[in-house]
Amino acid sequence: MGGSSRSAWRKVRNMPSASLELRRRPAWPLVRAHFAWRGVDWGRRWKIFGRPIIQRHCGRRIALGNGLTLRS
């Protein structure tokens, strides 16, 4: 199996089920508001499954990069 084929298979294997995706998308506004309330900027290509617990010490900053996947 070539490198490209392996990479494509890995992406397919790591994809969430369609039903999980349908439940996740309507929750985005709530999750994004939760992140904003906690002072965390929303990155590009984020995938959030569930509602993460965010704890930030007063006066500190949380910086997360693009392409983040969180499962809680």
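In what follows, residues are counted from 1 in the order of the sequence shown.
Scanning for side-chain contact (heavy atoms from CB on, under 4.5 Å) contacts around N66 gives R44, R45, with sequence neighbours left out.
Counted within 6.0 Å of CG on L30, heavy atoms from surrounding residues, nucleotides or ligands total more than 12; the atom is thus considered enclosed.
Of all non-hydrogen atoms in D41 and W46, the two that sit nearest each other are O-CH2, 3.4 Å. Closest of all the heavy-atom pairs between R61 and R56 is CA-CD, 4.3 Å.
For the atom pair I54 CD1 and H34 NE2, the distance stands at 4.0 Å (nearest 0.5 Å).
Checked options I48, L64, L68; the residue passing with W42 is I48 (criterion: side chain to side chain contact (heavy atoms under 4.5 Å, CB included)).
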